[in-house]
Amino acid sequence: MGEIVVSIIAKIAEYTVGPILHHARYLCCFNNFAGNLPNAKEDLELTRDSVKKRVREATNRTEKIEPAVEKWLKDVEKVLQEVQTLEGRILEVRKSIFRSQCQYFLAKEIARKIEKMTQLNRDSKFDPFSSKTELPGMKYHSFEDFVPFKSTESTYNEILEELSDKSFIMIGLHGMGGSGKTTLVKEVGKKVEELKLFEKVVMAVVSQTPNIRSIQEQIADKLGLKFEENSEEGRAQRLSKRLSEGKTLLILDDVWEKLNFEAIGIPFNENNKGCGVLLTTRSREVCTSMQCQSIIELHLLTDEEAWDLFQFYAKITDDSSAALKGVATKIVNQCKGLPIAIVTLGSTLRGKTLEEWELALLRLEDSKPLDIPKGLTSPHVCLRSSYDNLTNQLAKSLLLLCSIFPEDHEIDLEDLFRFGRGWGLIGTFGTLEKSRKEMHVAINILRDSCLLLHTKIKEKVKMHDLVRDVALWIASESDREILAGAAMDPTILVQGGNIKDKKAISLWNWRNGQLPDDQLNCPRLEILLLHSLYDGFEVSNACLERLKMLKILAFLGSGYEWIADYAERSKTLLLPQSFESLKNLHTLCLRGYKLGDISILESLQALEILDLRWSSFEELPNGIVALKNLKLLDLFCCKIEKDNAYEVIGECLQLEELYLYLLQSKKNFPQNAIFSRLRRYVIIQFTKESDRYFFFFQWSYFFRKQRPSRVLCIEGFNASVQSFISLPIKDFFQKAEYLELRHLKGGYKNVIPSMDPQGMNHLIFLILEYCPEIKCVFDGTTMQTEDAFSSLVILRLYELDNLEEVFHDPSSRCSLKSLEELTLESCRQLYNISFPKNSKLCHLKSLRIYNCPMLTCIFYPSIVQTLELLEEVRISECYELKQMIEEVEEGSVDYVSSQSHTSLMLPKLRTLTIHGCRSLKYIFPMCYAHGLASLEKLDIGFCDKLKYVFGSEKEHDLRVYQHQSHPQTNIHINLGALWLNDLPNLVEIWPKYFDPHLPNLKELRCYYCPRLPDSWVRRVMIIDSDLQQDSTATEKELLCSVTTTFNQLSDQVLSSKLTHLQLHGLGVKGLFQFQIREHGSNRELAPLNLDLIYAELSDLPELEFIWKGPTNFLSLHMLKWIFVLECPKLKTIFSPTIVRSLPMLRSLHIIDCEKLEQIFDSGDAQSLYTCSQQVCFPNLEDICVKKCNKLKYLFHNFVAGHFHNLTLLEIADCSELQKVFAFECETDDDGQEGIVKGGENVLLHNLRTITLCSLPNFKEIHHGFKLKDDVTRHDINDCPKYSPSLYLY
């Protein structure tokens, strides 16, 4: 028991005495606590200073301080601040009379602070202390000077779109050096970061000589990656592993050649979606070789954009002088939209004097580089690097040769070839054909490098002016100095001291044909090119004597053209005797001149190319037969007085190329001519002038797309079928790419096999005209060869009176896999085209058939399935045509049901035009209608028996439909124009169960379709996809009835794309009706904008209104012409629904509307008058109103001042009409436009023609209006109440 008591007492002492002693020490040891505080504070301050020093060192290394360190420093500063406050309180306590009590509490607080500081000291060992800062990425690049333009916006958006594609791997952006590729991709990278399309965007500059280690380090730095490996391979593996993690866009700038991604460490395969690549290059070939998924070209700036950019950098303002702006404009024109040139020149000339600007312009015009300040990139140096990077020496030489052509000239590749061959650049010892291939390879290299630019015509190129300047500069430094200019002074050839060392002289647009009488002092000259469109040349005998080294001589009165003006031959050029001295001449071009005697050409033994295109001369010298080096002879469109050309040419067996079209020649090309070396030829023999005209029209169109290498066009060829195969001329037929035959004789019932049993597989373009013996083009019954016509692209047949089939090919030996166009016209016995059944017309784009009255059918269903690219079908005057696609029995191999292959049925068809096919009952079966998503224009007219456009009689039978399964009938069609004209039996366009949506319909024309129900129009007249057509029974007689609630209307303006509306002979009571239900809001209705431009309404006997709806709901802001004829029940043209603003209206014609009472519904007269004060018709030019016997006023409460552009007013046969302009309260100043002498109003001051006839109640045009002197015609008859004498000035 005692032990228990002792234990309890001990426990009580433990819980009471211990705490008492602990608290007693705060009271007794205050000074000790107060003395330890400064020491603890000092220790913490030293630790803090040490940590701050480490922070400064890390910050200097651009490292990021760990959050724990920053928090520790904040805690330290807070504690030290509290300690400082505590020290102040200690001093106060020591002075206090209540010292003992205060010391207790203060000592306790001091102890806590000391413990806190001690703990902070212990916590000052940080690991890690800091980390490397992430680089700013694309935000690092400054975009202050970035100027966005529309021409680059499309490229910018295209790149972003490609980058948004999840399947994207690599994009190539190519363009001319200095075109702004780097700037653009930096901006793209910035946007990608902003949109978070990638987790990281990294940019590295590759440069002309790629350094793998440098590229690796650039990428690694921006990824925050430290390489521990020393070898390039080790670094590549590390970098590849890092790029495979996350999602990174890698921008590789300035790529000049194919990069080895594996060597760099860029993961590139379809399975790796983590790293995408966007590269910039000057060469398209780089993009191709690196297998870019998308290749995008950056085009140059437009003229307007170039000027805006130049103003920005040159600081040209509205206050700049006119002289300075004039010079600046010329400098910008020299830059031709190249950003680097614009920026550099603008920055260089900013703040300079006018004289310095003018000097800069002179240097640019002389093709000399400017002195560019340090820090700016010279555009000439930039473009020179593109030239230096070319590895193809022929490409380099051709680029220099291109500089002989003037600025902005579209260089024909044929000119380039003929001059390049003559200068010895292209295959001097090989055949011309091999040389051409070499040239085309080189040209493609220059195009891909953007040193030559594409044009609209494939066979031409352009050279940027600055590239041309650089080429001239390089030529001057490489011993090929060129003098090239336009409209220069001819005296430069004798007085210019700097022409002595020229290798080439090229002068364009020569205005004075007088060449110097003295010798040209150009002993090194190899090219002399003189061009004049207006003047001939007078060449003295001495002029050419010293030009012993001349290789190319060209006098050009025209370019290399296939169409030219006959008047060009009126220019005279007589060849002097000194031509004999041109022993090294390889190419001679004398184009478009009257040459006279050219026998001197016999002496030019080195001549390879003789070009006399579009010239006339006395005779073709017999001596050219002896020119063994002559390989190309061009006599296209030449006039030869002595018609001996065929005889001479027939002996020129050395020729490799022949271009021959002799105007006014009566002879035929010899059938026995043998040219074993001939590889290219254009031989045309037409004797009739009309045939020549037709040929030129066709030829020019065709040659804009492609230039065939072998062309034969012959009129009246007459050799029997039996003898043809033994004639040498057969080679011209069988090898031709372009073959045109007119008036063919000799018993030819077909082309193949009669002319070529092997199938004419070189042929691309075939035209047959007026060949009465032809019964089919291809007859496969006796053929053994497969794939005849395998290269045929265009086939045109005209006036073949006995043609029965185009292809008679039961064995399907004729291949039409390349056919793109088929035209048949006036083949009056043609009953079937008879496409070979196994044909795949997968490239056919255009089918045109005119005036083939016996044709009954066009396609088999199996053929239609192959028409994947067909865009245009035009058929007219085929009176017996019963079916577009032959109907076949179910179960046949050609049977196509509505359930099969619908996705392949005419997916690209854009235009379908059928006129004058009297036997046709429908156009296409319904299964084809589902595939017409691209159809833009449907034009059907004058088909007497046509009942349906889509769907046969069976397919329109609802009973059949209900028992069959059908594909989806809700179809969107891109139709923009629907024209129906003179179809007396048309009852439906689509079956009732077919629901077409035509959201892009712009033109609707319907004339004389008396059996067509009005409901069909209503089905295509959806105004907006959010508004629903009302199909209630009460609205069945309306063309377009739209009902919606107020809340369903968008705050934005609704719109319709319909621009042309022409209706004739329908039974509708109304056209447009809009109803807004539950309209309780105070919010104003947004107007519905109809983009209607042209409206013609005629013979609508039941029409009572055109538009109906809420007041001022409909805006016709684009309407220019409106014609309303024969609408006897119509009372108003423009109802209060129409916003009374017709700013574009030009013509208003209303005729034979018996019940018409108002043109504009007056409604509330006062509100209309108020409204009319804000309305004008600034473009209304003519008003014609006839046979409207209920009409009293044309315009009620409209003032004449709103019709100030009115020039013609014609009113007739309106028995109730009293005035043109009438008001509730007429005043003296209504419509006042000006005051003449006597204070009288001048109204309608542009009115020139007035016709008023048969108006028994007509009184006046306008209150106060008088006819002016300048009214050129006023025809007033049978208007008894109108006294024109009172209204004449």
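Fair warning: this is a prediction, and the values are worked out from it, not measured in the lab.
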Assess whether a salt bridge exists between [X] and [Y], defined as any Lys/Arg side-chain N lying under 4.0 Å from an Asp/Glu carboxylate O.
X: Glu656; Y: Arg436; answer: no
X: Glu433; Y: Lys437; answer: no
X: Glu481; Y: Lys502; answer: yes

Using side-chain contact (heavy atoms from CB on, under 4.5 Å) as the criterion, list what pairs up with [X], not counting sequence neighbours.
X: Ser289; answer: Lys258, Glu285
X: Asn211; answer: Arg213, Ser214
X: Asn392; answer: Leu394, Ala395, Ala442, Ile445

Could you work out, with ring pair (Phe, Tyr, Trp, His ring centres under 6.0 Å) as the rule, every residue matching [X], not counting sequence neighbours?
X: Phe261; value: Phe268
X: Phe405; value: His409, Trp508
X: Phe555; value: Phe537

Problem - Residue pair Lys548 / Pro523, side-chain heavy-atom distance below 4.5 Å - result: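 Sidechains of Pro523 and Lys548: no contact.
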Practice task
Side-chain contact test, heavy atoms from C-beta onward, threshold under 4.5 Å: evaluate it for Thr329 versus Trp307 and give yes or no.
Solution key: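 In contact.
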Exercise for the section: With rounding to the nearest 0.5 Å, note down the distance linking CG in Leu582 to NZ in Lys551. Expected result: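 Between Leu582 CG and Lys551 NZ, I get 13.5 Å after rounding to 0.5 Å.
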